[in-house]
Amino acid sequence: MSWLWLLACTADPVDTVYDPTWTLVWEDDFSGPAGSPPNPEVWTPDIGGGGWGNNQLEYDTDRNAVLDGEGHLTITARAEEYEGNDYTSARITTKGKLEHGDGRFEADIRIPAGQGLWPAFWLLGTNIDTLSWPACGEVDILEAKGEDPSVTYATVHGPGYSGAGGISADFPLQTGSFADDFYTFAVDIDPEHLSFWVDDTRVGVVRPGDLPAGTSWVFNQSWFMILNLAVGGNFVERPEDPSVFPAVMTVDAVRIYERASAE
């Protein structure tokens, strides 16, 4: 998949604007008995197949995203025939239950490795039912290709810069893999910018002036969160090695912060 590499790097004369003091306003640490679903007051499983608009190969169920009893959410992709699909996995969302505007959204995640896996942590605008996609806006805080788990991607999509034209940046590790340990993936959102982070490294910043000419900034609104592990699709290669499965995306915590003050 081709991408439009426009996210600015960290050298910025007004960097201090992007380094506020944050106040934690919500957190899910996924505590609970092993095998139980994530908190149903916050998370809803998106159930279905049909490719999800990306030619994905899995059928997402309400049984592939469960707590492990040790303070983690596990989203497991399995090679199994189900409802006409060759794979199952899960996609969970906070739509209609937990939605938030400007602030910081972050999650501690260990991704799986293996060709054809597509883990993601992302946001959609709460106005999606009235404006549809991509006018609602999409903020991909984390995406990765299982065939190359040493690189993650951050991307924004909107009208006139969606799909393969999304505004994106990658973050390659110097050594090792994002499948080896947990990393914190975050986005800071305010009316004039989105700033993406992996741990303490700013991956990039996008501002209204970075958008393609004639397009609009659609990020001044509220958002809901999605966590999912896709199998196949337009962003990754087709899975070929059955030993990759079951594959597990593990989430340690998800948090939302509000800006307390700017330095």
Side-chain angles (χ1 to χ4, degrees), residues 1-10 51-58 60 64-65 72-79 86-91 106-123 138-157 161-187 194-206 226-252:
M1 184 178 242
S2 62
W3 297 91
L4 186 60
W5 306 104
L6 289 180
L7 285 185
C9 296
T10 61
W52 295 102
N54 297 300
N55 294 313
Q56 295 166 213
L57 303 176
E58 87 282 356
D60 291 314
N64 288 53
H72 305 115
L73 168 71
T74 60
I75 299 179
T76 303
R78 298 185 175 94
D86 292 331
Y87 304 90
T88 63
S89 190
R91 163 176 165 146
E106 73 173 30
D108 304 328
I109 299 173
R110 182 174 63 220
I111 67 170
Q115 182 171 313
L117 300 175
W118 181 3
F121 169 45
W122 48 301
L123 313 176
E138 176 179 329
V139 180
D140 299 327
I141 305 169
L142 157 69
E143 291 184 287
K145 302 178 180 183
E147 51 266 22
D148 187 5
S150 65
V151 183
T152 57
Y153 302 84
T155 309
V156 299
H157 301 270
Y161 48 100
S162 62
I167 302 171
S168 186
D170 62 348
F171 181 71
L173 288 174
Q174 297 302 309
T175 60
S177 161
F178 285 101
D180 295 336
D181 206 345
F182 289 94
Y183 289 82
T184 300
F185 302 91
V187 65
L194 289 85
S195 182
F196 292 91
W197 300 80
V198 176
D199 288 347
D200 296 325
T201 299
R202 185 182 291 118
V203 176
V205 178
V206 62
I226 302 169
L227 289 161
N228 72 290
L229 175 57
V231 180
N234 298 338
F235 187 59
V236 295
E237 297 180 15
R238 190 176 182 89
E240 294 181 351
D241 183 359
S243 69
V244 166
F245 301 94
V248 181
M249 171 179 169
T250 307
V251 186
D252 184 60

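Every heavy atom of this structure was used, including side-chain atoms; hydrogens, water molecules and symmetry mates were not.
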Smallest separation among heavy atoms of [X] and [Y], with atom names:
X	Y	result
M249	N228	SD-O, 3.3 Å
I141	A154	O-CB, 4.1 Å
S89	E58	CB-CG, 3.8 Å
G232	Q56	O-CG, 3.8 Å
R202	S195	NE-OG, 3.2 Å
E237	E147	N-OE2, 2.8 Å

Open item on the list: Using the side-chain hydrogen bond (donor to acceptor under 3.5 Å, both in side chains) definition, which of the options T88, T76, T74 pairs with N64?
Closed with: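 Exactly one candidate clears the test, T88.
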
TODO: Tell me, please, whether F245 has R78 positioned over its six-membered ring: NZ or CZ under 6.0 Å from the ring centre and within 45 degrees of its axis?
DONE: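 Ring-cation test returns no.
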
State, with a plain yes or no, whether a side-chain heavy atom of [X] is found less than 4.5 Å away from one of [Y].
X	Y	answer
V248	P112	no
R91	I226	yes
V139	H157	no
F178	P119	no
T152	D170	no

Going from [atom1] on [X] to [atom2] on [Y], what distance comes out if it is rounded to the nearest 0.5 angstrom?
X	Y	atom1	atom2	result
W122	D140	CH2	CG	7.0 Å
L173	D181	CG	CG	10.5 Å
Y183	D108	OH	CG	12.5 Å

Open item on the list: What verdict does the side-chain hydrogen bond (donor to acceptor under 3.5 Å, both in side chains) test give for W118 and N54, after you've listed the backbone C-alpha separation in whole Å, the side-chain angles of each residue and the deciding distance to 0.1 Å?
Closed with: CA-CA 11 Å; W118 181 3; N54 297 300; over 6 Å; no

TODO: Evaluate the criterion side chain to side chain contact (heavy atoms under 4.5 Å, CB included) for residue pair I111 and L142; output intermediate values, then yes/no.
DONE: CA-CA 10 Å; I111 67 170; L142 157 69; 4.1 Å; yes

Task: Residues L227, I75; criterion side chain to side chain contact (heavy atoms under 4.5 Å, CB included); working and verdict - done: CA-CA 9 Å; L227 289 161; I75 299 179; 4.0 Å; yes

Open item on the list: Using side chain to side chain contact (heavy atoms under 4.5 Å, CB included), reason through E143 and F185 one step at a time and then give a plain yes or no.
Closed with: CA-CA 10 Å; E143 291 184 287; F185 302 91; over 6 Å; no

Task: Donor-acceptor under 3.5 Å (T201 side chain, V203 main chain) - done: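 Flag not set: sc T201 to bb V203 has no pair under 3.5 Å.
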
- [ ] Give a yes or no answer on whether the side chain of D148 reaches the backbone of K145 with a donor-acceptor pair at less than 3.5 Å.
- [x]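 No: the side chain of D148 does not pair with the backbone of K145.
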
TODO: For residues F171 and Y153, establish whether the separation of their ring centroids is below 6.0 Å.
DONE: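 No - the distance between ring centres of F171 and Y153 does not fall below the 6.0 Å cut-off.
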
Open item on the list: Does T250 form a side-chain hydrogen bond (donor to acceptor under 3.5 Å, both in side chains) with D252? I'd like the steps, not just the answer.
Closed with: CA-CA 7 Å; T250 307; D252 184 60; over 6 Å; no

Task: side chain to side chain contact (heavy atoms under 4.5 Å, CB included) assessment of V244 paired with L117 - done: CA-CA 9 Å; V244 166; L117 300 175; 3.7 Å; yes

